[in-house]
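Below you'll find the structure, written out as C-alpha cells, and then a few comments.
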Amino acid sequence: MKPKRWRLVLAAVTSAGAATVAFAVSAPAGGTVQQAPACADGTVVQTDRGPVCGLAADGLNSWLGVPYAAPPVGTLRWAPPEPAAAWTATRQATERGSQCPQPQGLGPGSVNEDCLKLNIVRPQKVDAPLPVMVELHGGGFRLGGPGDGSHLAKNGNVLHVGVGYRLGLFGFLTHEGFGKNAGNYAIQDQQAALRWVQTNIAKFGGDPKNVTIFGASAGGSSVCANTASPTAKGLFHKGISQSGEYNSLRGVDTMWQPQDCKAKLPTEAEGQAAGERFAKALGCADAACLRALPVQKILDQGGNGIGPDRGTQGPVVDGKTLPLAPGEAFAKGMVNDVALMHGVDRDEVQLRLANTPAEYEALVRQQYGTIADEVLKLYPLARFPDPAPFIASRTIVADSNSVCPALLNDKRLARHIPVFAYQNDNPDPPPAFFVDATKPNGSYHINEVLFLSPFPNGPTLTANQKALGAQVTAQWTGFARTGNPTVDGTPLWSRFTDTDNVMMSLLPAGDSQLTREIGEQHHCGFWDRYTPFRR
C-alpha cells in the first residue's frame, strides 16, 4: 500500500456508511433530478420541531436526515449550535443528509454546511422502550459521516442514532474573534444531538433514560471527550470507546494534530494563535471575513491538517466544553458519572511501517528520539518472524501509541466509574479497504467495526469470524441494554479494576477469554513512563 493511503485512512476511521452516504436529492449524468423515496404508512412522528415520516423495510423503520440543529452558516459558522427552525408540514425523512464539509478522502468530499442531521433506525416491532445507541463516527475528525445502524438495530434490538457533526476546521477552528471558549464545535454538535435525543427519542420508541454513545477512532476519542466534558453531564449514561488512543506518543505524527484520548491537546491560547495564523494566510483580520469565505477556500487552506497555517482541526482545551484534555481529566477523576466499555486492537498502527532493517531503525529514531536506543533494545529484530521489520515496527507503534495508553486510561477511569476493558486480539480479521491484504496486519485498527456495521458487499466471513461477529454484536448491544457486556451467547466479562487489570481478549471461534497479561505482553511498564498525564 502506498504511504499516502496509509496516512489517509489508518487514523481516519470510517463507519460503514461513510463512503456511501447519499444526498437528499441527486442529479445523475443525464441531469434528471431523482426524488427521495416516499414515506411508508404509519411512520409519522411528531418531534419538537415538527412532524417527520420515514421508511419501513426489512423489519426496520428508519428516519433519515432529521435536523437536530440549524445549519451552521453565516454568523453560526464557528458558533455553538442553535435549534433547527420549526416546520409544520410533515418532513420527508427518507434519504441521508449531506456529509459535513470535508476534503476528498473517504468519498468525493463535501462543501455543504447544512449537515447537522441524524439518522434513526429501529426494529418495526417495539414492545417496550428500546436502548438507544448514539454513534459518533470516526474519520480523524476530518472525514466521514454517520454510519448505517441497521445491523445493530436488527440483531441487537436497539434504536440506533447516527450523528453528523462539523469536521476539521469547521468543527474546531479557534480565533479570538469567535469569543471566549471558542473551538470544539464538533463536540458541542454531538451534545446538541444528545439533547435532541433526550427531548424526542421516546416518540421514536427509544428510552431517553438509557442512552449509550459509541464510536471508533475519532469516534472513540469523542466518547472520551464527552466523558470528560461537564457540558455533557446527564446527556448519556454509558459509552463505548473503540480505539480512541491512536496519536503518536512521541516524535512525528504524519496525520493529525494531537486529538486522541491520551493526548495533550492545544490550549485555548495555542489554538487562538493557530487560528490567527490561519486567518492571515487567507487574508482575513477578523471573524466576519472568515465567516464570509467560501467553504472550498477554507478546506484548501486546511490541507492535510498538518503545518503552521492549518488552524486547529481537532479538540482543544477551551475552558468550557473541555476544561482539561480527556487523559488529564481521567487522571484527576474529573469525569461524568457514566459506565464505559473501553478498548483497543492489538496491532493498531497509524504510521507507515518498515519493510527493511534500515527503514526499521530510521522509523524508531524518527518516532522515539532520545529513547530510540532503549526501544531498539526492547524490540530486537531477531525476535520477530519474517517480514521482521514490518512486524517489529507494527508492534512498537501499537504498544506505544495505542495499547499501553489505553490500558493506562482504563486504570485511571476505573478508580472513579465502572469500566469494562477489552483488547481485540482477532489475528486474521477480514481485510478492510484501507489495509494491504498482502501484509501481516494482525488485529488492525477498528477491525471489529466490520462486525458491528458490516460494509455493503463486504468480505465473506469464515465460520470462526461469524462466531466473533455474533459475540461482539451481543456484547455491544447487551452493554447498551444493561450496563454489563456479559449476556447470553457471550463469555463472562468482569469489571476492570486498577488493581486486578482484568480485560476481555476478543478472539474468533468462541475463544474469547479474560486476561490480566496485556500490560506485560506489550511492555507497558516502559511506555507508561512516557504517556502524558502520569499519576
Side-chain angles (χ1 to χ4, degrees), residues 67-84 97-103 110-118 134 136-146 163-196 213 215 218-219 221-226 228-232 235 256-257 259 265-268 270-272 274-276 278-279 284 287-288 290-293 295 298-299 301-302 305 310-323 325-326:
Y68 68 86
V73 297
T75 57
L76 292 183
R77 182 190 279 179
W78 298 306
E82 294 286 342
S98 170
Q99 293 179 326
C100 285
Q102 57 189 275
S110 173
V111 294
N112 189 349
E113 293 180 89
D114 184 8
C115 62
L116 300 188
K117 299 176 182 179
L118 44 78
V134 178
L136 308 175
H137 71 81
F141 287 117
R142 295 182 64 242
L143 303 168
V163 178
Y165 58 90
R166 281 174 280 184
L167 299 169
L169 291 160
F170 295 90
F172 295 101
L173 184 68
T174 60
H175 188 276
E176 64 177 359
F178 301 157
K180 189 172 176 58
N181 311 122
N184 292 330
Y185 304 112
I187 308 302
Q188 294 171 29
D189 290 345
Q190 295 169 1
Q191 293 174 9
L194 290 171
R195 285 191 291 273
W196 187 97
I213 62 173
S221 179
S222 295
V223 172
C224 289
N226 283 290
S229 173
T231 53
L235 296 181
W256 327 114
Q257 74 177 54
Q259 57 174 244
L265 303 181
T267 65
E268 185 175 19
E270 290 169 340
Q272 288 190 353
E276 183 179 3
F278 176 82
C284 283
L290 286 168
R291 288 181 169 129
L293 290 174
V295 170
I298 293 169
L299 291 174
Q301 179 60 36
R310 305 298 194 184
T312 45
Q313 302 196 36
V316 298
V317 176
D318 68 345
K320 183 177 180 182
T321 304
L322 285 179

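Computed from heavy atoms alone, side chains included, the values below leave out hydrogens, waters and symmetry copies.
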Heavy-atom distance under 4.5 Å between the side chains of [X] and [Y], does that happen here?
X: Cys284; Y: Leu290; value: yes
X: Val73; Y: Asp114; value: no
X: Pro72; Y: Pro81; value: no
X: Arg77; Y: Glu113; value: yes

Just by distance, with hydrogens left out, do [X] and [Y] show a side-chain donor and acceptor under 3.5 Å apart?
X: Thr312; Y: Gln257; value: no
X: Ser98; Y: Ser110; value: yes
X: Arg142; Y: Gln313; value: yes
X: Asn226; Y: Gln191; value: yes

Between His137 and Tyr165, what is the ring plane arrangement, given parallel below 30°, perpendicular above 60°, and tilted in between? parallel

For the residue pair Phe170 and Tyr185, is the inter-centroid distance of their aromatic rings smaller than 6.0 Å? no

For the aromatic rings, using the six-membered ring if either is Trp, is the centroid distance between His175 and Phe278 under 6.0 Å? no

Distance from [X] atom [atom1] to [Y] atom [atom2], nearest 0.5 Å?
X: Asp318; Y: Asn181; atom1: CG; atom2: CG; result: 5.5 Å
X: Ser221; Y: Leu265; atom1: OG; atom2: CG; result: 7.5 Å
X: Leu173; Y: Asn184; atom1: CG; atom2: CG; result: 11.5 Å
X: Gln188; Y: Gln190; atom1: CD; atom2: CD; result: 10.5 Å
X: Phe141; Y: Arg166; atom1: CZ; atom2: CZ; result: 14.0 Å
X: Ser222; Y: Ile187; atom1: OG; atom2: CD1; result: 4.5 Å

Only counting residues at least two apart or in another chain, list the ones meeting side-chain hydrogen bond (donor to acceptor under 3.5 Å, both in side chains) with Glu268. none

Which heavy atom of Leu167 sits nearest a heavy atom of Pro101, and at what distance? CB-O, 4.0 Å

